[in-house]
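To start, the structure itself, in structure tokens.
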Amino acid sequence: MNRKKNQFYESIFDIVRLIPHGRVTTYGAIAAYLGTKSGSRLVGWAMNVSHHEEPKVPAHRVVNRNGLLTGKAHFKDENEMQKLLEAEGIVVINNQIQNFNDVFWDPASLDPASWDRVS
DNA sequence: TATTTGACGCCGC
DNA sequence: GGCGGCGCCAAAT
């Protein structure tokens, strides 16, 4: 089966879908988790593919390491991304996530040790 | 088949 | 401190 390449996206989709409600992550964090720390751009590509993948991944929860909604332009509606983030309690001003450090979610949190506090 | 782009990240100037 | 260039892997043209 040609799932080898699919696994790459699968891992990304899985992580993005695991992002808790009201939390966001960065391309670099996902890339680093997959081992492609230098290939942060690959994550962006995967997101593009994820748009026609189901279920749709909450790509709106994925932003660059600056906390800037760089990918909002690729959404159906630019306002949609910011709107979704605000709807989850995330404050976004000028396409910039406020309290980014507070809402930032790292895939490393997938560690079993952290699962204990996961609701 | 080869070249360029791409929703980024980091180092250097 | 702000701006630019280079590097990463993969896909699209």
Side-chain angles (χ1 to χ4, degrees):
Chain A
M1 303 287 201
N2 47 5
R3 66 173 58 158
K4 287 171 85 169
K5 82 174 183 182
N6 286 340
Q7 186 177 2
F8 178 76
Y9 298 106
E10 227 178 284
S11 301
I12 298 176
F13 299 155
D14 185 42
I15 295 172
V16 176
R17 281 182 287 181
L18 285 172
I19 299 174
H21 180 271
R23 285 284 141 82
V24 296
T25 189
T26 66
Y27 301 100
I30 299 171
Y33 186 79
L34 297 176
T36 58
K37 56 197 173 200
S38 308
S40 44
R41 312 169 98 185
L42 284 312
V43 182
W45 264 111
M47 293 286 97
N48 188 358
V49 179
S50 72
H51 268 295
H52 59 79
E53 283 288 316
E54 296 185 37
K56 299 259 181 97
V57 294
H60 63 271
R61 291 181 183 160
V62 184
V63 296
N64 67 351
R65 100 122 178 117
N66 292 322
L68 192 69
L69 281 60
T70 52
K72 72 176 171 50
H74 288 258
F75 273 77
K76 256 179 86 180
D77 294 322
E78 300 179 12
N79 291 339
E80 185 74 1
M81 185 175 185
Q82 182 173 331
K83 196 173 190 173
L84 288 166
L85 291 171
E86 291 183 319
E88 301 199 351
I90 299 171
V91 182
V92 180
I93 300 175
N94 191 18
N95 302 329
Q96 172 70 52
I97 296 178
Q98 305 303 308
N99 305 323
F100 179 64
N101 185 24
D102 187 56
V103 297
F104 174 70
W105 179 82
D106 196 302
S109 301
L110 293 172
D111 285 316
S114 299
W115 293 359
D116 185 65
R117 66 180 303 159
V118 173
S119 55

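All chains are named by letter (A, B, ...) in the order of the sequence lines, taking the proteins before the strands, and each is independently numbered beginning at 1.
Between the side chain of A/Q82 and the backbone N or O of A/V91, no donor-acceptor pair lies under 3.5 Å. Looking at A/R23, its side chain never comes within 3.5 Å of a backbone N or O of A/I19 through a donor-acceptor pair. In this structure, A/N64 contributes its side chain and A/G67 its backbone to a donor-acceptor pair below 3.5 Å. No donor-acceptor distance shorter than 3.5 angstrom exists from the side chain of A/N66 to the backbone of A/L68, with no hydrogens or angles considered.
Atoms CD1 (A/I30) and C1' (C/dC9) sit 16 Å apart, rounded to a whole Å. Taking atom CG of residue A/N48 and atom P of nucleotide C/dA12, one finds them 8 Å apart after rounding to whole Å. Regarding A/R41, its CZ atom lies at a distance of 14 Å from the C1' atom of C/dA12, rounded to whole Å. Between the P atom of B/dT5 and the CE atom of A/M47 lies a distance of 23 Å, rounded to the nearest Å. One can place OH of A/Y33 at 20 Å from P of C/dC9, the figure rounded to the nearest angstrom. Going from atom CZ of A/F8 over to atom C1' of B/dG6 covers 13 Å, rounded to whole Å. As a whole-Å value, the separation of A/Y27 OH from C/dC9 P is 20 Å. As a whole-Å value, the separation of A/N95 CG from B/dA7 C1' is 13 Å.
Side-chain contact between A/V92 and A/M81: absent, with no pair of heavy atoms (C-beta onward) separated by less than 4.5 Å. Counting only heavy atoms from C-beta outward, the side chains of A/S50 and A/K56 never approach each other to under 4.5 Å.
Across all strands shown, C/dC8 forms no Watson-Crick or G-U wobble pair with both distances under 3.5 Å. Base pairing of C/dG1 is not made with any nucleotide, judged by Watson-Crick or G-U wobble geometry with both donor-acceptor distances under 3.5 Å.
When hydrophobic clusters are built by joining Ile, Leu, Val, Met, Phe, Trp and Tyr residues whose side-chain heavy atoms come closer than 4.5 Å, directly or via intermediates, A/V63 is grouped together with A/F75.
Considering only side-chain atoms of A/T26, the nucleotide from B/dG6, B/dG9, B/dA7 that sits closest is B/dG9. Ranking B/dC8, B/dA7, C/dA11 by closeness to the A/S40 side chain, first place goes to B/dC8.
Taking a 4.0 Å limit (strictly below) on heavy-atom distances, residues 56-68 of chain A reaches DNA chain B at A/A59, A/N64, A/R65. Within a heavy-atom distance below 4.0 Å of DNA chain B, no residue of residues 80-91 of chain A is found.
Here the closest non-hydrogen pair linking A/Q96 and A/Q98 is O-NE2, 3.1 Å. The minimum heavy-atom distance linking A/A31 with A/S40 is given by the pair CB-CA, 3.7 Å.
Between A/E88 and A/R61 there is a salt bridge, since a side-chain N of the basic residue sits under 4.0 Å from a carboxylate O of the acidic one.
The aromatic rings of A/F13 and A/Y9 lie parallel to each other, with less than 30° between the two planes, well short of the 60° mark.
Within the 4.0 Å cut-off from OP1 or OP2 of C/dA11, at least one side-chain nitrogen or oxygen of A/Y9 is found.
Taken from NE2 in A/H21 to CH2 in A/W105, the straight-line distance is 14.5 Å, to the nearest 0.5 Å.
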What does the list of N/O pairs under 3.5 Å between the protein and nucleotides 4-6 of chain C look like, with a distance for each?
none

